[in-house]
Amino acid sequence: MKYLLIIPIFFLTVIKVKSQEINRFFYEVTYIPKKDSLRKESALMVLDIKKDQSEFKDYQSIIADSIANESFKKMQKTGTFENPPATKNASFSYAISKTYPSMEVQFTEGMMNGLTPIMLGYKENIKFDWKIEKEKQKFGEYMAQKATLNFGGRKWIAWFSTDLPFNDGPYKFHGLPGLIIKIEDTEKNYSWILKGNKKAADDSSNSLMAKFTSGNVKIVDKQKFIKTFDNYKQNPLLAMRSELTPQILNMNMPGTDMKISEFVDKQGKEMQEAYKMINNPVEKQ
């Protein structure tokens, strides 16, 4: 679930950065977003494996960032604001990176601190206690081996392949002698399965939040992160609105008839409702 933070974009400078080639693995996640519900949803996520780290995020956020960057370039040329072409909202707004070779995990969310965009995150060194079993199964062209794990209050079954020599996987999971091809909890609340992979250009420089924050992440302990983000989700743009003067709130968005106050309220309400739609996290504890 990702929304463009429009107010600060007037000061955004689009910088071209030479891209490096990465290994991009596409995972389809099927999940139950709300507790005590049978309704399932799905999304496409990517695990980008680079030389010294990996990054896992919703593929739709990459698409949205690319489209928004093109819109911003056009706005800089014309001086007129136009809403970027409509795209599907990302189902998951977080990004998870793992540093090689330590495999330190960093979990990050973008949010607004008044008028200031920030990236808030926490770090973990997780020692997964995998139980590797003898059972094997083929997934497409890859032969995979079974492994089990207890993590986050759930029991997980994973399938990893030594044909892909990366001890990484979707979400925070890692530590097996090969890439995780599939992993799901025994109650099937969350299931990730590899759908394809390719060489790709490193497009992380297109991230809007990275541009807004110069790539700086405010790291706090995990419990403070959870409390802060839970409070933020109750009214995501309240602090932003409180810092805008009545004069600014009464101005029109550039090139439109919509007041800035109306735009901020509309965005905030949509974000609030979207956050309410997911109350069944990967980690129950």
Side-chain angles (χ1 to χ4, degrees), residues 21-33 40-63 90-92 94-107 124-204 280-284:
E21 193 173 62
I22 60 176
N23 291 296
R24 173 164 287 174
F25 295 90
F26 294 86
Y27 288 88
E28 181 183 45
V29 57
T30 304
Y31 64 101
I32 298 175
K40 290 191 174 184
E41 295 188 9
S42 63
L44 189 64
M45 307 193 77
V46 295
L47 176 68
D48 287 342
I49 295 182
K50 310 173 189 182
K51 181 180 179 180
D52 56 358
Q53 69 171 2
S54 67
E55 186 171 29
F56 183 71
K57 63 170 62 175
D58 194 311
Y59 186 49
Q60 195 60 42
S61 68
I62 296 175
I63 295 173
S91 299
F92 301 95
Y94 63 75
I96 296 173
S97 63
K98 306 183 189 93
T99 301
Y100 298 156
S102 69
M103 300 307 287
E104 181 181 58
V105 172
Q106 179 173 295
F107 187 100
E124 294 180 288
N125 288 294
I126 309 171
K127 304 301 181 185
F128 290 113
D129 186 19
W130 292 104
K131 300 293 188 294
I132 297 178
E133 304 185 10
K134 293 182 179 180
E135 186 177 349
K136 294 185 178 182
Q137 185 175 330
K138 196 165 188 181
F139 293 87
E141 61 183 293
Y142 302 113
M143 182 59 69
Q145 189 168 350
K146 185 178 181 180
T148 59
L149 172 74
N150 291 327
F151 171 71
R154 302 186 192 276
K155 295 181 179 179
W156 299 89
I157 297 174
W159 297 88
F160 67 94
S161 176
T162 56
D163 295 338
L164 296 166
F166 306 101
N167 67 335
D168 211 329
Y171 193 64
K172 298 177 181 178
F173 299 109
H174 64 271
L176 287 167
L179 188 72
I180 296 173
I181 302 295
K182 180 180 180 180
I183 184 166
E184 65 182 4
D185 69 288
T186 53
E187 296 179 344
K188 299 186 185 302
N189 286 272
Y190 282 86
S191 176
W192 290 273
I193 185 168
L194 183 67
K195 288 295 184 179
N197 63 285
K198 68 175 185 178
K199 296 287 186 179
D202 183 359
D203 45 22
S204 57
N280 185 31
V282 176
E283 299 171 59
K284 293 196 295 184

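Atoms considered below: every heavy atom in the structure, side chains included; atoms not considered: hydrogens, waters and symmetry mates.
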Any pair with a residue in residues 162-173 that passes salt bridge (Lys or Arg N to Asp or Glu O under 4.0 Å), sequence neighbours left out, goes on the list, sorted by first then second residue, please. Lys98-Asp168, Glu124-Lys172, Lys172-Glu283
Nearest heavy-atom neighbours spanning Lys40 and Thr30: CD-CG2, 3.9 Å
Tell me the closest heavy-atom pair linking Phe92 and Asp58, and the distance in Å. N-OD2, 3.1 Å
Under 3.5 Å, is there a donor on one side chain and an acceptor on the other for Asn280 and Asn189? yes
From Ile193 CD1 over to Glu28 CD, what is the distance, rounded to the nearest 0.5 angstrom? 8.0 Å
Side chain to side chain contact (heavy atoms under 4.5 Å, CB included) with Glu184: which residues, sequence neighbours excluded? Lys182, Lys188, Ser191
Measure the CZ-CG distance between Arg24 and Asp48 for me, rounded to the nearest 0.5 Å. 4.0 Å
With ring-ring contact (aromatic ring centres under 6.0 Å, His included) as the test, would you mind laying out the steps for Tyr171 and Phe56 before giving the verdict? CA-CA 6 Å; Tyr171 193 64; Phe56 183 71; 7.2 Å; no
Does Trp130 reach the main-chain N or O of Ala158 with its side chain, forming a donor-acceptor pair under 3.5 Å? no
Tell me, please, which residues at least two apart from Tyr59 pass ring pair (Phe, Tyr, Trp, His ring centres under 6.0 Å). Phe26
In short, Glu133 meets Gln145 closest at the heavy-atom pair O-NE2, 2.7 Å
Walk me through it: do Phe173 and Trp156 pass the test ring-ring contact (aromatic ring centres under 6.0 Å, His included)? CA-CA 10 Å; Phe173 299 109; Trp156 299 89; 4.9 Å; yes
Do Ile62 and Val46 have side chains that get closer than 4.5 Å, going by heavy atoms? yes
Looking at CG of Leu194 and CD1 of Ile180, how far apart are the two atoms once the value is rounded to the nearest 0.5 Å? 11.0 Å
Intermediate values then yes/no, side-chain contact (heavy atoms from CB on, under 4.5 Å), Ile157 and Thr186: CA-CA 7 Å; Ile157 297 174; Thr186 53; 4.2 Å; yes
Across all chains, not counting sequence neighbours, the ring pair (Phe, Tyr, Trp, His ring centres under 6.0 Å) partners of Phe25 are Phe166
Could you check if a side-chain atom of Lys57 sits within less than 4.5 angstrom of a side-chain atom of Ile96, using non-hydrogen atoms only? no
Between CG of Asn197 and CG of Leu179, what distance do you get to the nearest 0.5 Å? 8.5 Å
CH2 (Trp192) and OG (Ser42) are apart, to the nearest 0.5 Å, by 13.5 Å
Tell me, please, which residues at least two apart from Lys131 pass side chain to side chain contact (heavy atoms under 4.5 Å, CB included). Asp129, Thr148
Contact summary for Glu55 and Ala95, nearest pair of heavy atoms: OE2-CB, 3.8 Å
Glu135 side, atom CD; Trp159 side, atom CH2 - distance, nearest 0.5 Å: 4.0 Å
Candidate list Ile132, Asn167, Thr162, test side-chain contact (heavy atoms from CB on, under 4.5 Å), partner Leu176, passing option: Ile132
Measure from the side-chain N and O atoms of Arg154 to the backbone N and O of Val282, and report whether any donor-acceptor pair falls under 3.5 Å. yes
Side chain to side chain contact (heavy atoms under 4.5 Å, CB included) partners for Ser97, two or more places apart: Gln53, Gln106
Minimal non-hydrogen separation, Gly169 against Tyr27, with atom names: CA-OH, 4.2 Å
Quick check against the 3.5 Å criterion: does Ser161 have a side-chain atom that pairs as donor or acceptor with the backbone of Met143? yes
Glu41 and Ile32, any side-chain heavy atoms less than 4.5 Å apart: no
